[in-house]
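Labels below follow one simple rule: chain letters A, B, ... track the order of the sequence lines, proteins then strands, and each chain is numbered from 1. Side chains included, hydrogens not; waters and symmetry mates left out as well; all remaining heavy atoms used.
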2 protein chains.
Amino acid sequence: MASTLDEADAAAIADLSPRTERGRLKADRRAAILRAAATLFAERGYAGVTIEDLGAAVGVSGPAVYRHFPGKAAVLAAILQGASRTLLDGAEQVLDSSPDPDHALRSLIRFHVDFALAEADVIIVQDRELEQLDRGARHEVRSLQRRYVEHWVNTLSRLRPDRAETELRFRAHAAFGLLNSTPHSARIPGRRPADGTIRGILEEMTWASLMS
Amino acid sequence: MASTLDEADAAAIADLSPRTERGRLKADRRAAILRAAATLFAERGYAGVTIEDLGAAVGVSGPAVYRHFPGKAAVLAAILQGASRTLLDGAEQVLDSSPDPDHALRSLIRFHVDFALAEADVIIVQDRELEQLDRGARHEVRSLQRRYVEHWVNTLSRLRPDRAETELRFRAHAAFGLLNSTPHSARIPGRRPADGTIRGILEEMTWASLMS
DNA sequence: TCCCGATGTTAGCGAGCACTCACCGACATG
DNA sequence: CATGTCGGTGAGTGCTCGCTAACATCGGGA
């Protein structure tokens with residue numbers, strides 16, 4: 001908790017140097033807890049999951065989780081920080097390799113669709129449980145998200161310089177609502193198009209809504 | 001709890017006949033609790049609000065809430081059932097007075113935008129806390145929502161008979177994600193366009209995404 | 001006016017849960 | 001091989017919170 005900056009950094013460094021057997025196991029377990037937690041939080045909500053559940057999901061029981069995270073809130077923080085980091089890094093990489101704004105926007109959309117479909121649990125938790133974080137972690141996640149949005153706004157601004165940035169920012173948020181709807185409707189077990197088809201429809205709808 | 005059908009009906013009937021002073025006060029208080037609960041649930045999540053909070057928000061304290069609702073879950077159920085009822089009734093009224101599919105879809109969009117902007121709290125709770133309901137209430141809300149979606153799908157199907165209903169249903173869900181994004185981004189206190197402008201942009205984006 | 005039922009209060013119960021503690025076995029390092 | 005560290009366990013601990021109980025107050029129909 002607290003600022004969780006040192007915490008996250010230390011963990012990241014630890015993850016990057018698992019030269020010993022013990023260290024590798026620890027890194028694996030930490031990752032397993034995060035994956036399981038994302039699924040459980042998405043299914044039952046942050047408050048509906050106990051520390052006991054978190055441990056049980058990876059085969060240990062209860063207080064063992066505290067060997068990997070200082071508390072329940074830190075697990076949520078790690079999930080949300082990881083997600084917003086991944087999105088931001090991905091967007092910057094996409095923009096670096098885009099020759100023109102048209103290609104950039106298309107790539108941003110494709111990248112976001114891929115992430116939403118691959119990490120549906122994380123998307124749901126990100127939408128839903130941001131305000132459960134303490135001030136420090138919430139600020140950090142929000143800051144990462146804001147930078148991600150600004151990349152979209154800048155790209156849109158180059159395509160439609162006639163429009164106010166305020167409107168483009170609003171449109172970007174609406175587009176995220178559209179893109180992030182898939183994980184939610186996926187939970188409702190209605191019949192739905194094949195995965196490849198979904199990708200195409202989502203990209204088409206998002207482009208049309210942004211450029212309309 | 002249980003099926004909450006008799007519960008809701010009895011309350012609705014009670015609300016419709018407040019001929020005595022006491023009855024009027026009771027109806028008012030019930031409504032006040034529901035409004036306050038929607039706001040609080042939207043801000044802190046269902047689990048983050050206590051019965052004490054609910055009472056305090058309307059000037060009574062704690063267990064007095066049990067004079068109006070059999071339990072915390074019943075408050076949430078009343079909010080969600082009310083919302084899905086309102087949406088379904090509104091959609092059917094809109095469709096009854098629409099001469100052609102084009103006008104119908106435009107009116108559906110406008111109606112949904114109005115609801116999302118007017119009842120932002122309820123939209124957030126609806127998106128977020130459906131799975132907190134017990135089986136009976138959840139089934140009822142889902143059934144109402146399904147009928148609402150089918151009105152959209154039928155309207156879309158008349159405009160684009162070339163498309164599979166599965167695809168149209170998926171598109172409708174994505175459009176709801178777009179429309180319901182506004183209450184979420186409204187919580188983030190960024191500068192945003194004036195309310196009238198928002199309406200136009202949302203309608204434009206939704207139409208474009210559905211018909212693209 | 002009288003009395004019943006409805007609406008409120010405060011006190012308290014019981015369950016659930018995040019988190020701590022004392023301890024244990026195993027792995028890695030000198 | 002000895003030893004310190006580390007990841008794990010089971011048994012608690014204290015707090016929060018939904019809900020109930022017992023009692024006060026008051027509006028309104030007879």
Side-chain angles (χ1 to χ4, degrees), chain A residues 1-2 4 7 10-11 13-15 17-34 36-37 40-41 44-78 129 132-134 137, chain B residues 1-2 7 10-11 13-15 17-34 36-37 40-41 44-78 129 132-134:
Chain A
M1 233 168 305
T4 57
E7 182 56 40
I13 291 168
D15 282 3
S17 57
R19 38 194 72 240
T20 167
E21 175 72 6
R22 256 276 266 253
R24 204 182 49 77
L25 285 180
K26 184 179 175 72
D28 286 356
R29 182 131 291 171
R30 185 191 149 94
I33 292 175
L34 285 176
L40 288 173
F41 289 163
R44 300 186 232 155
Y46 174 73
V49 177
T50 72
I51 290 281
E52 185 70 31
D53 295 334
L54 254 39
V58 298
V60 301
S61 252
V65 176
Y66 290 95
R67 300 300 179 185
H68 303 272
F69 298 92
K72 192 185 173 186
V75 179
L76 180 62
E129 316 282 3
Q132 306 292 339
L133 260 46
D134 57 284
Chain B
M1 232 169 305
E7 181 55 40
I13 291 168
D15 282 4
S17 57
R19 39 193 72 238
T20 166
E21 176 72 3
R22 252 265 283 242
R24 204 182 48 77
L25 285 180
K26 183 178 175 71
D28 286 355
R29 183 132 291 174
R30 185 191 149 93
I33 292 175
L34 284 176
L40 288 173
F41 289 163
R44 300 185 231 155
Y46 174 74
V49 177
T50 72
I51 291 280
E52 184 71 30
D53 294 334
L54 253 40
V58 299
V60 301
S61 253
V65 175
Y66 289 96
R67 300 299 179 188
H68 302 273
F69 297 92
K72 192 185 172 187
V75 179
L76 179 63
E129 316 280 2
Q132 307 291 339
L133 260 46
D134 56 285

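In the set C/dG8, C/dA18, D/dC19, the nucleotide with an atom closest to the side chain of B/K72 is D/dC19. Of the candidates C/dG8, C/dC23, D/dG18, C/dG8 carries the atom nearest the B/V60 side chain, counting heavy atoms from C-beta on. When the nucleotides C/dT9, D/dG18, D/dT9 are ranked by their closest atom to the side chain of A/R67, D/dT9 comes out on top.
For the OP1/OP2 pair of D/dG8 and a distance below 4.0 Å, the side-chain nitrogens and oxygens of A/R29 include at least one atom meeting the criterion. Of the side-chain N and O atoms in A/H68, none sit less than 4.0 angstrom from OP1 or OP2 of D/dC6. The phosphate of D/dG7 (OP1 or OP2) has a side-chain N or O of A/K26 nearer than 4.0 angstrom.
A/D28 places its CG atom 16 Å from the C1' atom of D/dG8, with the value rounded to the nearest Å. Residue B/Y66 contributes atom OH, which lies 15 Å from atom C1' of C/dT9 at whole-angstrom precision. Following rounding to the nearest Å, A/L40 (CG) and C/dC17 (C1') show an atom-to-atom distance of 16 Å. Distance CZ (A/R30) to C1' (D/dG8): 18 Å, rounded to an integer number of Å. Atom CG in A/L25 sits roughly 15 Å away from atom P in C/dA26 (whole-Å rounding). Nucleotide D/dC19 holds its P atom 14 Å from the CG atom of B/D53, rounded to whole Å. Summarising the geometry, the separation between CD1 on B/I51 and C1' on D/dC19 is reported as 8 Å, rounded to the nearest angstrom. Regarding A/R24, its CZ atom lies at a distance of 14 Å from the P atom of D/dG7, rounded to whole Å.
Among the heavy atoms of the strands, none lies under 4.0 Å from A/V65. No contact: A/V75 has no heavy atom under 4.0 Å from any strand.
Taken to the nearest 0.5 Å, the CD atom of B/Q132 stands 11.0 Å off from the CZ atom of A/R44. Once rounded to the nearest 0.5 Å, the distance linking OH of A/Y46 with CD of A/E129 reads 9.0 Å. The line from CZ of B/F41 to CG of B/L54 is 5.0 Å long, rounded to the nearest 0.5 Å.
Residues A/P63 and A/G48 each lie close to DNA chain C; by heavy-atom proximity, the contact nearer the 5' end of the strand is made by A/G48.
Of the possible polar contacts, none joining the B/D28 side chain to the B/L25 backbone as a donor-acceptor pair under 3.5 Å is found.
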Checklist entry - For B/R29 and B/V60, what are the C-alpha separation, side-chain angles and deciding distance, and is it a side-chain contact (heavy atoms from CB on, under 4.5 Å)? => result CA-CA 10 Å; B/R29 183 132 291 174; B/V60 301; 3.1 Å; yes
